[in-house]
Protein chains: 4
Amino acid sequence: MRILFLGDVVGRAGRELVEARLPKLRARLRIDLAIVNAENASHGFGLAPAMADSLFAAGTDVITLGNHAWDRKELIGHISQAPRIVRPINFPPGTPGAGSVMITLTDGRRAMVINAMGRLFMDALDDPFRAVAELLSRHRLGVTVGAIVVDFHAEATSEKMAFGHHFDGRVSLVVGTHTHTPTSDHRILAGGTAFQSDAGMCGDYDSVIGMAKEPAVARFVRKMPTERLGPAEGEATLCGLFVETDDRTGHATRVAPVRTGGRLSETWPDAA
Amino acid sequence: MRILFLGDVVGRAGRELVEARLPKLRARLRIDLAIVNAENASHGFGLAPAMADSLFAAGTDVITLGNHAWDRKELIGHISQAPRIVRPINFPPGTPGAGSVMITLTDGRRAMVINAMGRLFMDALDDPFRAVAELLSRHRLGVTVGAIVVDFHAEATSEKMAFGHHFDGRVSLVVGTHTHTPTSDHRILAGGTAFQSDAGMCGDYDSVIGMAKEPAVARFVRKMPTERLGPAEGEATLCGLFVETDDRTGHATRVAPVRTGGRLSETWPDAA
Amino acid sequence: MRILFLGDVVGRAGRELVEARLPKLRARLRIDLAIVNAENASHGFGLAPAMADSLFAAGTDVITLGNHAWDRKELIGHISQAPRIVRPINFPPGTPGAGSVMITLTDGRRAMVINAMGRLFMDALDDPFRAVAELLSRHRLGVTVGAIVVDFHAEATSEKMAFGHHFDGRVSLVVGTHTHTPTSDHRILAGGTAFQSDAGMCGDYDSVIGMAKEPAVARFVRKMPTERLGPAEGEATLCGLFVETDDRTGHATRVAPVRTGGRLSETWPDAA
Amino acid sequence: MRILFLGDVVGRAGRELVEARLPKLRARLRIDLAIVNAENASHGFGLAPAMADSLFAAGTDVITLGNHAWDRKELIGHISQAPRIVRPINFPPGTPGAGSVMITLTDGRRAMVINAMGRLFMDALDDPFRAVAELLSRHRLGVTVGAIVVDFHAEATSEKMAFGHHFDGRVSLVVGTHTHTPTSDHRILAGGTAFQSDAGMCGDYDSVIGMAKEPAVARFVRKMPTERLGPAEGEATLCGLFVETDDRTGHATRVAPVRTGGRLSETWPDAA
Ligand SMILES: [Fe+2]
Ligand SMILES: [Fe+2]
Ligand SMILES: [Fe+2]
Ligand SMILES: [Fe+2]
Ligand SMILES: [Fe+2]
Ligand SMILES: [Fe+2]
Ligand SMILES: [Fe+2]
Ligand SMILES: [Fe+2]
């Protein structure tokens with residue numbers, strides 16, 4: 001299965017770029033499953049339902065979220081009717097929406113997408129290791145499901161790497177989100193799981209993690225709450241990851257970053 | 001000036017790789033100034049003076065540190081006699097050692113190396129923005145000094161990007177360390193400063209930020225203090241950054257990652 | 001039921017005071033159930049099994065713990081044979097020991113003691129609200145058990161007060177530990193649960209939370225790891241709480257601080 | 001000098017109680033200097049200038065603040081014209097207002113009031129130990145100023161106790177604020193400084209640190225941002241501290257809690 005994962009879409013600059021480029025990306029890379037983290041789509045904070053619709057219309061199969069899941073409160077009511085929008089699985093029982101979704105491709109193959117959130121330097125949610133392990137106890141990669149992707153929305157590289165190794169062999173891909181910075185540590189772990197600490201954001205990098213520079217810098221320097229944060233509006237970079245899996249095992253056979261537009265260096269998977 | 005910066009050297013695997021490869025790297029890339037962050041050289045925790053000597057012998061010009069600066073307590077007494085070992089500048093007044101060093105190349109050009117530490121999700125040190133600004137008020141890039149490199153040892157990408165923009169144009173390079181994960185957001189900012197959120201570690205990536213996998217994963221899952229952490233001992237990857245600056249302005253003209261060995265994808269600057 | 005709860009016993013000064021005074025306290029206050037938090041008994045860090053034995057011999061019925069539970073690693077093997085030593089209930093499944101214990105008094109009345117740990121500014125354990133609620137779903141105060149005491153080991157007053165209100169009416173007492181500072185907010189909440197944010201420590205208050213002053217202050221000022229922390233050895237203050245419950249409802253009818261010795265003001269429950 | 005310090009005033013319930021009781025308290029306790037922390041006066045968040053005026057009209061000499069200093073943005077412009085409103089001294093240089101004020105009593109005696117903020121579990125401001133030490137290097141207690149009071153607005157009891165010992169003998173009183181919970185560890189330290197870890201709030205204690213219970217509890221349990229926090233509106237408790245100093249030395253001769261109204265136990269200084 002050929003999978004494309006795009007990191008946190010930030011504001012209008014990020015949304016417009018993803019929506020413009022995703023159809024061509026799907027074709028060029030012959031993508032079977034496209035997943036987009038969109039927790040920052042709405043002016044940097046949350047995801048309005050209409051924006052989710054636009055991302056789906058542009059070819060997104062599954063949207064994942066993170067700590068900004070509920071910044072746009074309309075999504076709380078909307079998510080139970082939108083199973084392809086997945087929120088962190090380790091929110092408390094009773095939270096609207098679901099932490100995973102099973103997708104059936106047009107050719108009948110099945111893939112599962114999971115969103116989980118780390119806890120180091122973040123809010124104290126339920127244990128993401130146990131929550132995902134519990135879910136995986138009911139799904140066998142390569143047996144009951146062809147591919148499993150986990151968006152692990154977390155701050156600390158230690159927790160991300162520990163998470164990757166913990167599920168190595170049991171899922172196809174563990175990809176981090178949340179830091180809004182792409183890492184170049186993409187690799188296939190010993191057990192067959194593709195891993196990258198962070199996919200990076202889809203947004204304007206002439207910024208502070210997607211937000212306009214001046215007020216964001218001022219917050220660190222002046223420690224006053226007077227600066228209003230808003231997304232940077234310059235040319236965005238699309239940041240993501242391409243993974244190909246073996247349909248018999250669900251393990252990754254290739255992992256490569258995808259990066260285009262804006263201020264970062266362009267990168268594409270080798271033709272294959 | 002042609003500058004090589006290598007990220008956090010972790011344990012024996014990292015040390016041996018850096019010492020073996022640095023001489024050839026200096027030659028191949030015609031390096032004028034080689035800087036190595038070595039806060040984790042000693043079994044993952046701190047830097048024994050003898051290991052600093054080995055890194056210098058292998059061609060390191062300046063060693064930088066971070067939150068693990070004093071894990072090997074011998075360094076506290078040693079550092080005042082070793083001006084090319086630089087500790088974070090924003091430790092309190094009275095801390096042994098210095099937060100910056102001025103280096104004169106054999107051809108007479110001068111470069112300054114600064115080490116500073118972030119505060120978001122880290123210990124509450126003095127303000128790194130103000131500490132570096134105060135130092136820079138006495139040194140003019142391209143006038144009194146040919147190149148200025150800041151190793152900003154920090155956790156949060158927001159603080160790192162804010163730091164880069166704050167000093168954009170006033171220094172040649174802001175490169176992050178501490179997360180032990182290389183980022184692919186290397187670029188030259190609007191004002192001429194090269195930037196990369198994290199250089200990545202020089203160590204074994206089949207690990208949790210350089211530490212052996214099993215005990216590190218167990219700490220997240222079991223929450224027991226019974227596991228002893230030690231560095232992973234497999235084949236290491238050397239991770240760093242190559243920057244070329246314009247000697248008249250001190251601004252960066254090229255920035256490119258350097259990555260070789262071990263489990264990450266190989267990357268070299270284009271020949272030029 | 002007449003209950004005495006003593007806060008974190010710190011080091012030799014704390015242990016000796018508690019062991020010397022507890023027999024008389026039990027008699028003077030006609031105590032039915034004496035509970036002692038002993039996570040700092042062993043030189044400030046953890047609880048050696050022999051020290052637990054001494055505390056039991058002096059009249060302790062139940063020992064509770066906290067984040068220092070496993071600092072003395074001998075306790076990990078010992079705790080499963082020592083059901084009256086209770087560790088936080090919201091450690092992960094598989095953790096040795098138990099998070100609660102049912103005690104039968106000599107006259108046949110039954111009481112349950114629970115230890116739980118907060119998460120704000122602390123390690124990300126399982127949800128303590130849900131863990132305790134789940135346990136209480138199997139025990140009805142005033143029906144299946146005469147009294148229920150929760151030692152909520154937590155840092156933040158907000159989480160402590162939220163915890164108290166959440167279980168108001170379902171337990172006899174929620175008493176905080178961990179800050180090593182007695183609070184004077186003891187009261188009976190609207191639903192009948194006695195509450196105090198923190199019991200305070202049993203230790204020498206001419207200190208920094210029980211540790212010798214000079215090195216503890218130096219850590220804040222100098223930010224160097226050179227200072228060794230050890231418990232203060234001066235005269236200790238015993239800090240705790242007396243609660244009387246109605247045996248028919250399990251609700252509190254009286255709550256009063258107990259404080260004697262050392263540098264804090266003496267306080268006793270009114271005779272009744 | 002006879003000093004009254006009242007802890008964080010929370011919302012209307014707290015304001016109305018303080019304004020109603022302060023005139024009688026001043027008379028009853030023959031207060032020379034009354035200080036009120038008012039960072040939560042405006043609906044729990046910040047201090048509107050008009051509310052500061054009301055507190056001054058009721059007999060407050062100095063108002064102190066904390067992390068909520070700028071929640072009401074009008075105060076940012078107002079504070080430079082209101083020198084008796086003191087904000088934390090360890091905000092960065094350039095912050096409006098001042099971190100201390102010198103007051104001259106009607107009989108000519110002089111007192112200084114300082115506000116400083118801790119850093120453990122709080123924002124990374126400048127070092128409060130160094131900021132206060134620098135100020136005190138220009139003021140000698142008992143020589144150039146009759147009394148010095150520090151409101152140390154901090155979360156952790158360890159930092160509060162360390163701060164007290166660090167300035168023991170150099171100031172008349174170190175009193176903590178911020179946790180909204182009164183502690184019963186009031187005492188005179190070895191060097192003559194009165195100390196209490198936290199003054200407690202002036203607000204309704206049938207709450208979560210002054211905020212209405214249900215939404216505050218729900219935030220811990222449900223982890224959803226849907227609940228709006230607002231101050232509890234029930235009967236408030238006034239919480240504070242009475243300190244008497246020796247005018248020749250500036251050291252404390254008496255320290256006693258003051259607590260009246262609402263749900264906590266009533267406490268007054270012994271007549272003297
Ligand atoms: Fe996020
Ligand atoms: Fe994000
Ligand atoms: Fe580090
Ligand atoms: Fe490091
Ligand atoms: Fe504790
Ligand atoms: Fe403790
Ligand atoms: Fe506060
Ligand atoms: Fe407050």
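The chains referred to below are lettered A, B, ... by the order of the sequence lines, with proteins before strands, and numbering in each begins at 1.
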A:R138, CZ: over 12 other non-hydrogen atoms inside 6.0 angstrom: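 Yes, because the 6.0 Å sphere around CZ of A:R138 holds more than 12 heavy atoms from other groups.
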Within 6.0 Å of CZ in B:R12, more than 12 heavy atoms from elsewhere: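 No, CZ of B:R12 has 12 or fewer neighbouring heavy atoms, counting only those of other groups under 6.0 Å.
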With chain B, which of [options] has the greatest number of heavy-atom pairs at distances under 4.5 Å?
options	result
A:A190, A:S207, A:G200, A:S265	A:S207
A:R187, A:E214, A:K160, A:H165	A:H165
A:S184, A:P128, A:A133, A:P257	A:S184

Rounded to the nearest 0.5 Å, how far apart are [atom1] of [X] and [atom2] of [Y]?
X	Y	atom1	atom2	value
A:E159	B:F220	CD	CZ	5.0 Å
A:F121	B:E155	CZ	CD	4.5 Å
B:I209	A:D185	CD1	CG	12.5 Å

Check each atom of [X] against the heavy atoms of chain A and say whether the ones under 4.5 Å are side chain, backbone, both or neither.
X	value
B:L120	side chain
B:A218	neither
B:F129	side chain

Main-chain N/O of B:T157 paired with A:T179 side-chain donor or acceptor, under 3.5 Å: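 Judged by distance alone, no pair lies under 3.5 Å.
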Using non-hydrogen atoms only, which part of [X] is less than 4.5 Å away from chain B: side chain, backbone, both, or neither?
X	value
A:R259	side chain
A:T267	neither
A:A156	both

Minimal non-hydrogen separation, B:R119 against A:K223, with atom names: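 Smallest heavy-atom distance, with atoms named: NH2-CE, 3.7 Å.
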Any idea which of [options] has the most non-hydrogen atom pairs under 4.5 angstrom with chain A?
options	value
B:G164, B:A162, B:S197	B:A162
B:H166, B:H180, B:K213, B:H186	B:K213
B:D127, B:L189, B:D206, B:T181	B:T181
B:I188, B:V217, B:V208	B:V208

